[in-house]
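Structure first, commentary second.
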Amino acid sequence: MDLIPAPRLVRTAPRGEDFVLNAGTSLDAGPGTEGTARWLRGALGGAFGVDLAPGAGGIVLRVDGGLDAEAYRLDVGPERVEIAGGDAAGVFWGAQTLRQLAGERAFRRAPVGGREARLPAVAIEDAPRFGWRGFMLDVARHFMPKDVVLRYLDLLAAHKLNVLHLHLTDDQGWRIEIKRYPRLTEVGAWRTGTKVGLRESTRFDDRPHGGYYTQDDIREIVAYAAERHIRVVPEIDVPGHSQAAIAAYPELGNTDVIDTTTLPVLTTWGVNPNVLAPTDSTLRFYEGVLEEVLDLFPADVSPFVHIGGDECPKEQWRDSKTAQARIEELGLRDEDELQSWFIGHFDRWLTERGRRLIGWDEILEGGLAPGAAVSSWRGYAGGIAAARAGHDVVMCPEQHVYLDHRQDGGPDEPIPIGWVRSQEDVYRFEPVPAQLAEEGARLTRRVLGAQANLWTEALDTVRAVDYQTFPRLAAFAEVVWSDLPAPALRDHDGFAARMTAHRARLDALGVEYRPPGGPHPWQRRPGVVGRLKEGPPPIV
Ligand code: ACM
């Protein structure tokens with residue numbers, strides 16, 4: 001059956017007991033399963049040209065309070081397919097497995113080769129390992145139109161992933177409409193050109209690049225995700241990575257250090273010294289931004305709001321009389337503590353509104369705000385320190401699960417970046433490092449889960465995004481969903497064999513993954529310089 005991610009328990013039945021899905025198949029949706037019924041009618045209805053009309057028997061969906069949240073049981077017999085989920089999400093994940101059982105044609109939008117599918121008789125019991133199974137898409141460096149985001153939500157759902165972290169703001173673009181600050185998108189949502197490639201690259205494309213999501217686009221994305229039991233976590237990155245906002249509203253920058261009125265939306269890459277000024281007016285401005293963000297991302301969808309906090313160079317704060325006066329007035333030791341104060345302000349502000357702050361692991365420097373959770377990206381160390389201090393953690397170490405990093409060491413990888421991280425490397429990623437596991441369940445529970453992150457400096461189209469993301473996101477999905485053994489004991493050969501069937505599903509979906517033998521000629525970017533890290537990644 002080649003299911004990905006692998007279920008916990010699969011019992012197969014004798015041959016000849018298959019279930020035949022066809023125009024006569026009815027759908028019996030119990031209370032709480034209406035969303036999954038809608039989704040099944042859309043997906044299987046399209047693929048096989050069937051109505052799945054309401055009626056007894058056929059496909060039966062129900063919530064069974066005796067199962068855990070997100071867990072499901074799927075029973076396929078000759079007369080009936082029954083999905084019982086511990087909650088509505090469990091039923092939905094069961095439906096994703098059902099689609100895989102229906103074969104690769106179930107991943108097309110219209111019938112190919114007949115209006116019937118045979119599902120093998122099987123009994124499956126399944127439940128996820130982690131509650132946070134995430135993917136981060138950077139829509140700031142290269143804007144991804146709304147349709148791309150909706151398509152990725154479908155792809156996440158197909159892999160039982162349940163968090164989409166949207167990196168909405170950065171130096172190179174601001175991607176979310178904020179009604180009270182229209183210049184954030186009028187000015188901040190586009191740039192005049194783009195550096196092509198990284199570091200030593202001398203190529204430049206002087207074609208304007210931009211785009212943003214209107215508030216209704218965001219509402220649609222959030223609702224589309226919720227229908228698929230996916231939480232969308234918005235990221236508004238402060239106090240670094242903010243030049244697009246400063247270009248729109250120069251008073252947000254360190255005006256006593258540089259002339260911020262001359263700063264454009266950045267057209268190049270890298271860590272950038274032009275950061276927010278640590279002033280009351282900057283805090284008030286971002287409170288205004290976040291008020292609209294909270295309205296667009298309701299707490300029942302995601303209590304978490306990501307406020308970035310990464311890579312904030314402190315030179316301008318060192319040179320700024322205003323920043324230094326603030327340090328003195330607050331009795332702080334240095335600029336790191338000033339950043340901590342800045343993040344702490346938004347931790348309190350979000351907590352007062354019933355929300356939770358999450359930020360990159362730099363928010364540990366200078367002291368972690370009391371309610372904050374940490375995205376551990378520079379390795380495991382930040383996550384370990386945060387868990388020990390009683391904070392929740394999402395593991396996303398760049399050494400393992402940064403999908404912008406190259407998939408092979410050969411010369412054909414398009415704009416190669418970072419360390420070589422193959423499908424097998426990702427398959428052997430372990431979200432709970434041994435140091436935490438040894439300290440017991442109390443600390444292990446602090447690891448909410450893990451996230452694969454995709455930065456898009458070198459990814460200017462959805463085709464390039466597909467190439468970097470797949471097949472590795474399928475391996476990541478199995479790591480965070482399935483009950484895999486320790487990394488060295490994982491059966492990557494078995495996974496790779498199942499990937500043959502899974503690639504046919506991705507083909508049917510139109511996903512332009514990296515082929516096992518390397519890129520197609522049209523997937524290469526000859527001559528465009530990337531930024532390599534050599535050797536095996538240090539495990540930190
Ligand atoms: C990051 O990669 N700067 C979070």
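Computed from a predicted structure; not experimentally measured. For ligands, and for the atoms within them, numbers begin at 1 and follow the listed sequence.
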Atoms in ligand 1 with a heavy atom of Glu311 nearer than 4.0 Å: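 Reading through ligand 1 atom by atom, the close ones are 3 (N).
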Atoms in ligand 1 with a heavy atom of Trp455 nearer than 4.0 Å: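 Atoms satisfying the 4.0 Å criterion: 1 (C), 2 (O), 4 (C).
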Pair Asp392 + Arg446: basic N to acidic O under 4.0 Å: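 Salt bridge: yes.
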Ring-face cation of Arg228 near Tyr224 (centre distance under 6.0 Å, axis angle within 45°):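 Ring-cation test returns yes.
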Closest protein heavy atom to atom 2 (O) of ligand 1, given as residue, atom name and distance to 0.1 Å: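 It is Tyr402 OH, 2.6 Å.
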For atom 3 (N) of ligand 1, the protein heavy atom that lies nearest, with its residue and separation: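 Nearest protein contact, heavy atoms only, for atom 3 (N) of ligand 1 is Asp310 OD2, 2.8 Å.
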Any donor-acceptor N or O pair under 3.5 Å, side chains His241, Thr169: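 Short answer, no.
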Minimum side-chain heavy-atom gap Asp336-Lys314 below 4.5 Å: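 Contact flag for Asp336/Lys314 side chains = yes.
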